Visitor: 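Supplied in structure tokens, the structure appears directly below.
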Number of protein chains: 2
Amino acid sequence: MEEMKFDKSVFFDMSYGMYILGVMDGERPTGCVVNTVFQITSEPSVVAVSVNHDNYTNGCIKKTGMFTVSILSESAPQEVIGTFGFKSGKDTDKFASVPYTMNEAGLPFLPDNTCGTLTCKVVDSAELSTHTVFFAQVIGGVRRAAGDPMTYSYYHKVKNGKAPKNAPTYLKDEDIPKTAPAEKWVCGICGYVYDGSQGPFESLPDDWKCPVCGAPKEMFKKQ
Amino acid sequence: MEEMKFDKSVFFDMSYGMYILGVMDGERPTGCVVNTVFQITSEPSVVAVSVNHDNYTNGCIKKTGMFTVSILSESAPQEVIGTFGFKSGKDTDKFASVPYTMNEAGLPFLPDNTCGTLTCKVVDSAELSTHTVFFAQVIGGVRRAAGDPMTYSYYHKVKNGKAPKNAPTYLKDEDIPKTAPAEKWVCGICGYVYDGSQGPFESLPDDWKCPVCGAPKEMFKKQ
């Protein structure tokens, strides 16, 4: 077979949602953002979710065998994605800054800005190079009227989002097609591009922080 | 643990794309529609795809270990989804009615109305009750400028689509929340709801066929 062309930007056109996994770490709730949750079988209802080995949530799922999936709606603020996507549950109390509820199974979920929550019990898993794929039976499901679900594409286009390095869909900068150059202030931690909504970047107060990951203003670089 | 509420309509808010798998059945190209393709790892690039045991394509992937994933764009006509989603590759030459190209790996893909195509080589798989999840390394990728990718939600909302019975996301009619009753003509084979674009249903010619699955007019039922 001749060597094939491999333009990694083709991955940009695959469609995903945006989800918060909720797990227990002993007595403490924690979790992370994922975009790769999908339904595998309908009878029984089984979902698959891919979680990086380096995510603290991965070990918690392996220990407890249980997790919730809260489906983010478009109304979810960037801070939620920043807290759950760009900080580690190992040393951050992620649920301290985000309203949550415990369900009948003793698991945390987000009642606000979410279209619904699944409660899942792991039935099998597969280990890949950097990620574990958990297969889990859905044992509870609640739907909420909260507008349209947030797609990964919406997060990128409207919220200026970037995939954390642990995400299966992470692309190195050199793999991302360059668009026309323009002055942009980019967060050195999470890649958030300042949207100009609070005036010129230089005029932002010194204690201004990245709305996605909370990095201080000096972590931003002009591009 | 107390018994949990399980409203299956919560699955409606999970986000997916729409994809055509292309495989070889001996010398003959065949394939099917899937909505559950997602990237699992980025280095190397590995995707997962869920295919029902009853899909003819499943056996072809197991035999050859290779498939393409063509990412449908919103411009893809319903006939493509009807042909690839509601007919079996066992007794239908699906590629006879849809323009296709063979790539360097000897696999068929759809060049039209698609945002791009991945070429994939199976590296592992997991068997679930009704579906096989194939893990496959992406060895080739081509992106095309073809508008926005079609999401599963777009297919449902704009194209009046329904999941085939073999789909992981298939819901039985009794699980689907009822909306306000209105006279609708519904295809008894694939569930397509006539959109009225060619006038009243009763006035359609006798040789009119379901645009999704090709079923004859008499297969439609008034609801």
Side-chain angles (χ1 to χ4, degrees), chain A residues 1-19 35-48 50 71 73 103-106 115-119 124 126 128-131 133 135 138-143 148-153 167-171, chain B residues 1-19 35-48 50 71 73 103-106 115-119 124 126 128-131 133 135 138-143 148-153 167-171:
Chain A
M1 188 190 314
E2 42 183 310
E3 183 129 353
M4 298 191 68
K5 190 183 166 197
F6 190 178
D7 172 4
K8 289 196 176 181
S9 73
V10 68
F11 289 128
F12 288 147
D13 289 321
M14 294 176 67
S15 301
Y16 303 94
M18 292 286 284
Y19 309 94
N35 61 334
T36 48
V37 179
F38 69 160
Q39 193 178 354
I40 298 286
T41 67
S42 62
E43 294 286 342
S45 299
V46 171
V47 295
S50 175
I71 304 168
S73 72
N103 72 6
E104 303 94 312
C115 301
T117 299
L118 310 173
T119 301
D124 202 352
L128 282 97
S129 57
T130 53
H131 288 66
V133 178
F135 299 109
V138 180
I139 58 170
V142 176
R143 197 178 191 201
D148 288 330
M150 186 187 291
T151 62
Y152 195 55
S153 162
T169 43
Y170 176 72
L171 277 187
Chain B
M1 187 190 314
E2 40 184 310
E3 183 127 354
M4 297 191 69
K5 190 184 166 197
F6 190 177
D7 172 3
K8 289 197 176 180
S9 72
V10 68
F11 289 128
F12 287 146
D13 289 322
M14 294 177 65
S15 301
Y16 303 95
M18 293 286 284
Y19 309 93
N35 62 331
T36 48
V37 179
F38 69 160
Q39 194 178 354
I40 299 286
T41 66
S42 62
E43 294 286 341
S45 299
V46 171
V47 295
S50 176
I71 303 168
S73 72
N103 72 7
E104 303 93 311
C115 300
T117 298
L118 310 173
T119 301
D124 203 352
L128 284 97
S129 56
T130 53
H131 287 66
V133 178
F135 299 109
V138 180
I139 59 170
V142 176
R143 197 177 190 201
D148 287 331
M150 186 188 292
T151 62
Y152 195 54
S153 162
T169 44
Y170 177 73
L171 277 186

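Keep in mind the model is a prediction, meaning the values are calculated, not measured.
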Visitor: At a heavy-atom separation under 4.5 Å, does A:V46 approach chain B through its side chain, its backbone, both, or neither?
Guide: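 Contact with chain B involves the side chain of A:V46 alone.
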Visitor: Using every non-hydrogen atom in the two residues, find where B:V138 and A:F6 come nearest and quote the distance to one decimal.
Guide: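 For B:V138 versus A:F6, the nearest heavy atoms are O-CE1, 3.3 Å.
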Visitor: Can you name the nearest heavy-atom pair linking A:S129 to B:E43, along with the distance?
Guide: OG-O, 3.9 Å
Visitor: Report which part of A:D148 has an atom under 4.5 Å of a heavy atom belonging to chain B: side chain, backbone, both, or neither.
Guide: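 It is the side chain, since no backbone atom gets that close.
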Visitor: Search all heavy atoms of B:M4 against all heavy atoms of A:G140 and return the closest pair with its distance.
Guide: CB-CA, 4.0 Å
Visitor: Before giving the answer on side chain to side chain contact (heavy atoms under 4.5 Å, CB included), spell out for A:F11 and B:L118 the whole-Å C-alpha distance, their side-chain angles and the decisive distance to 0.1 Å.
Guide: CA-CA 9 Å; A:F11 289 128; B:L118 310 173; 4.0 Å; yes
Visitor: Can you tell which part of B:F135 gets under 4.5 Å to a heavy atom of chain A, answering side chain, backbone, both or neither?
Guide: side chain
Visitor: Return the minimal non-hydrogen interatomic distance between B:Y19 and A:M14, and the atom names on each side.
Guide: OH-CA, 3.5 Å
Visitor: Side chain, backbone, both or neither: which part of B:S153 has a heavy atom under 4.5 Å from chain A?
Guide: neither
Visitor: Does any heavy atom of chain B fall under 4.5 Å from the side chain of A:N35, the backbone, both, or neither of them?
Guide: neither
Visitor: So which heavy atom on A:D13 is nearest to which on B:I71, and how close?
Guide: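 Reported closest heavy-atom pair: O-CG2, 3.3 Å.
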Visitor: Between B:I40 and chain A, with a heavy-atom cut-off of 4.5 Å, which part of the residue counts as in contact: side chain, backbone, both or neither?
Guide: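 Contact with chain A: backbone and side chain both.
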Visitor: Among the options B:A126, B:G116, B:P149, pick out the one with the most heavy-atom pairs lying under 4.5 Å from chain A.
Guide: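 Option with the top pair count is B:P149.
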Visitor: Mind checking what makes side chain to side chain contact (heavy atoms under 4.5 Å, CB included) contact with B:S73, not counting sequence neighbours?
Guide: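 Expected list: B:S75, B:N113, B:C115, B:A146.
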Visitor: Taking ring pair (Phe, Tyr, Trp, His ring centres under 6.0 Å) as the definition, give me every residue that meets it alongside B:Y152, ordered by chain and number, with sequence neighbours left out.
Guide: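 In terms of ring pair (Phe, Tyr, Trp, His ring centres under 6.0 Å), with neighbours along the sequence ignored, B:Y152 is linked to B:Y16, B:H156.
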Visitor: On a heavy-atom basis, which atom in A:S15 and which in B:M150 lie closest, and how many Å separate them?
Guide: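 The answer is OG-O, 4.4 Å.
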